[in-house]
Amino acid sequence: MVNFRKYISSAAVLASGLFLAQSTVSTVLYSQNYDNQKNSLNLPSPASSMERSVLSAKELVDINVNTMMADPVLKNADWGFVVYDPKTKKVISSYNENTPLVPASTTKLLTTETALNLLGENYRWITQLEYAGTIDENGTLNGNLYVVGSGDPSLGTNKAGAGSYRDIISDFIGGLSREGIRKVNGDIIIQTALFKGNIAMLPENVVWLENNNYYLPAGTTREINPANEKLIVKKSGFSAEKKFFYVSPYAHQMVYAEKYEGDGILTTKLPDAPAYLANSFRTTLVKSGIPVTGKVVAKMTDAAPENRKMISAYKSPTLADIVYYTNQHSDNSLAEALLRTVGFQKLGDQTSESGRIVVTDHLKNAGFDMMGLTYMDGSGLSRSNNVTPISQVKFLTSLMDEKYYRSYLTSLPIGGQSGTLKRMFLGTGNGQVFAKTGTLNKVKTLAGYLKTNSGKTLVFSLMVNNYSGSVDMVKKRMEKILEPALDL
């Protein structure tokens with residue numbers, strides 16, 4: 001925590017006087033008009049020529065932090081801040097740096113780094129089309145087609161440059177043509193070793209379970225595109241302003257719907273891309289004049305596997321591409337998929353629990369300060385997640401020597417320019433802040449790297465829990481705290 005008594009120079013005395021005079025505005029009770037009042041937040045500004053002449057950048061950072069302690073938006077909040085020099089390995093300025101706080105989506109910093117470390121930047125998921133049986137002189141396959149998945153979280157989503165379902169099906173049909181298959185006398189079997197009957201549970205205490213929303217049973221959605229699934233329910237008795245939840249008939253876990261559309265229809269997303277791909281593939285084959293006599297069948301285990309030949313293989317974007325999309329867009333579904341993927345690769349089953357074990361073991365081995373860490377999910381949706389600001393900055397510092405650091409850094413939104421930081425740091429700090437954002441109800445966080453005006457790279461963490469006012473008010477104060485750090 002910053003202590004003004006360390007400033008003994010006459011310049012510091014002047015600054016303290018300025019601060020005391022200006023901070024009287026912070027004693028008023030918070031009101032909604034607070035941010036609209038002209039000059040209501042009279043923080044010592046690094047843009048002030050007088051203050052620049054008598055105060056160092058570090059002193060300005062410290063003054064801003066101390067001023068925020070009495071600010072109506074933050075004075076009753078739980079918050080922590082660290083700015084850290086990775087070369088000297090020293091804290092430049094801090095406040096509550098050892099306090100465990102809810103990190104929200106800055107949790108993705110841990111998840112995406114673990115995936116890059118354990119799987120490599122060029123890791124790809126592969127979805128294969130295979131066949132078993134024989135092809136006769138008329139081009140009839142007397143046997144089954146297999147769609148063999150590997151848990152590709154981007155399958156059919158167009159995320160991170162992923163191919164569409166139409167593109168993948170076109171490749172599959174091209175493979176059949178190369179093999180001379182003009183009719184399929186058998187089933188299309190969906191098979192992936194990654195599911196094996198595992199029931200994936202939602203993270204504990206996720207944010208969308210907090211508001212006493214409704215829970216609904218689900219009928220079949222087997223023919224519905226998982227990227228735009230619709231569940232039909234009776235609208236009477238439900239509020240369109242709430243979110244709605246039900247148990248997926250595929251994954252046996254809660255799936256949420258954002259809103260109603262039309263007459264009693266809910267829109268949501270369902271993570272069963274292989275089923276949709278296989279059903280769409282069968283429909284397209286029939287429409288293209290390639291009859292399929294059998295059905296689409298899911299076979300998660302196979303005690304007596306048939307000999308099969310690969311027809312076509314679709315490769316996902318690289319893991320580096322997936323991580324870039326995940327962090328730029330703060331994509332929760334991709335982050336949870338990465339968690340399950342590292343769990344499968346290391347422990348052999350694709351559950352969130354295995355993923356948590358793998359991530360925390362990796363962090364321990366990497367020297368992460370585990371004091372104050374509670375890692376509950378891959379995305380940061382759970383309010384049971386906790387981390388300290390100092391552990392975040394030391395973790396981010398340790399990555400600067402890793403071979404994948406460039407990909408990791410590139411994945412972070414840039415202040416004023418890209419991703420979830422596009423609307424922050426539009427003036428000072430534009431193009432100089434590279435960080436992951438996090439947002440939950442009454443939680444706003446930011447952690448990453450900043451490039452100073454002198455060309456140095458510093459590491460920072462700023463987490464605010466239980467603030468007053470709006471999230472935009474907190475964003476403004478975050479910018480104010482970090483502005484003078486650019487002159488360090």
Side-chain angles (χ1 to χ4, degrees), residues 119-196 222-227 271-322 337 341 344-345:
L119 304 177
E121 298 169 272
N122 296 316
Y123 178 89
R124 295 176 187 264
W125 291 261
I126 299 176
T127 303
Q128 296 182 173
L129 178 66
E130 302 174 349
Y131 78 87
T134 59
I135 304 170
D136 65 21
E137 64 276 8
N138 297 318
T140 298
L141 169 63
N142 292 299
N144 298 317
L145 292 175
Y146 286 80
V147 175
V148 183
S150 60
D152 179 2
S154 68
L155 189 66
T157 64
N158 296 115
K159 294 178 180 179
S164 66
Y165 288 111
R166 180 179 298 179
D167 293 335
I168 299 168
I169 289 169
S170 178
D171 288 342
F172 282 2
I173 292 177
L176 291 180
S177 178
R178 290 191 297 272
E179 295 292 332
I181 298 174
R182 293 190 289 273
K183 179 180 179 181
V184 178
N185 187 21
D187 294 326
I188 298 177
I189 298 174
I190 308 166
Q191 191 168 66
T192 170
L194 270 70
F195 297 104
K196 289 185 177 178
R222 191 169 297 278
E223 303 298 328
I224 303 299
N225 185 337
D272 192 12
Y276 179 74
L277 174 62
N279 279 283
S280 298
F281 179 45
R282 186 186 185 283
T283 299
T284 305
L285 286 176
V286 173
K287 288 182 178 179
S288 301
I290 303 175
V292 180
T293 62
K295 301 177 181 179
V296 173
V297 180
K299 185 184 288 187
M300 300 308 173
T301 59
D302 196 346
E306 301 179 279
N307 291 323
R308 306 198 297 255
K309 179 181 178 180
M310 188 176 72
I311 300 174
S312 181
Y314 165 73
K315 293 183 178 180
S316 75
T318 66
L319 178 59
D321 293 329
I322 297 290
T341 297
F344 176 77
Q345 292 295 331

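For reference, positions follow the sequence shown, starting with 1. A quick note: this is a predicted structure, and the numbers were derived from the prediction, not measured.
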* Asked: With side chains defined as the heavy atoms from C-beta onward, is the minimum distance between M310 and Y131 less than 4.5 Å?
  -> no
* To do: Report yes if some heavy atom in the side chain of I126 is under 4.5 Å from a heavy atom in the side chain of S316; otherwise report no.
  => no
* To do: State whether the number of non-hydrogen atoms from other residues, nucleotides or ligands found under 6.0 Å of N307 atom CG is greater than 12.
  => no
* Output the distance between atom CG (L155) and atom OG (S164), rounded to the nearest 0.5 Å. => 10.0 Å
* Nearest non-hydrogen partners of L141 and A132, listed with the distance -> CD1-O, 3.6 Å
* Asked: Looking at D187, I189, V296, I188, which hits side-chain contact (heavy atoms from CB on, under 4.5 Å) with L145?
  -> I188
* **Euclidean distance, E179 CD relative to S312 OG, rounded to 0.5 Å** => 10.0 Å
* Beyond-backbone contact of L285 with F172, side-chain heavy atoms, under 4.5 angstrom -> no
* L277 and V147, any side-chain heavy atoms less than 4.5 Å apart -> yes
* Asked: How far does CZ of R282 sit from NZ of K287, to the nearest 0.5 angstrom?
  -> 12.0 Å
* Looking only at heavy atoms, what is the nearest atom pair of G156 and I168, with distance? -> N-CD1, 4.3 Å
* Any side-chain heavy atom of W125 sitting closer than 4.5 Å to one from I322? -> yes
* Structure fact -> Between Q191 and the options K299, Q128, R308, E130, the side-chain hydrogen bond (donor to acceptor under 3.5 Å, both in side chains) test singles out R308
* **Backbone of N138 reached by a side-chain donor or acceptor of D136 within 3.5 Å** => yes
* Asked: Centres of the Y165 and Y276 rings: under 6.0 Å?
  -> yes
* Within the distance-only criterion (no hydrogens, no angle test), does the side chain of T283 pair as donor or acceptor with the backbone N or O of N279 below 3.5 angstrom? -> yes
* Would you say V148 and T127 make side-chain contact, with heavy atoms under 4.5 Å? -> no
* So, does T157 use its side chain to make a donor-acceptor pair with the main chain of S154 at under 3.5 Å? -> yes
* To the nearest 0.5 Å, how far apart are OG1 in T293 and CG in N142? -> 8.5 Å
* **Main-chain N/O of K315 paired to R124 side chain as donor or acceptor, under 3.5 Å** => no
* Structure fact -> CD of E121 to CG of D321, rounded to nearest 0.5 Å, is 10.5 Å
* To the nearest 0.5 Å, how far apart are CD1 in I173 and CD1 in I311? -> 11.5 Å
* Asked: Does the Y123 side chain pair with the main chain of A320, one donor and one acceptor, at a distance under 3.5 Å?
  -> no
* To do: State, yes or no, whether a side-chain contact exists between E306 and N144 at a heavy-atom distance under 4.5 Å.
  => yes
* To do: Give the minimum heavy-atom separation between P274 and I190, together with the two atoms involved.
  => CB-CG2, 3.8 Å
* Which is it for L119 and Q345 under the side-chain contact (heavy atoms from CB on, under 4.5 Å) test, yes or no, and what are the steps along the way? -> CA-CA 8 Å; L119 304 177; Q345 292 295 331; 3.6 Å; yes
* Any side-chain heavy-atom pair from L319 and N122 closer than 4.5 angstrom? -> no
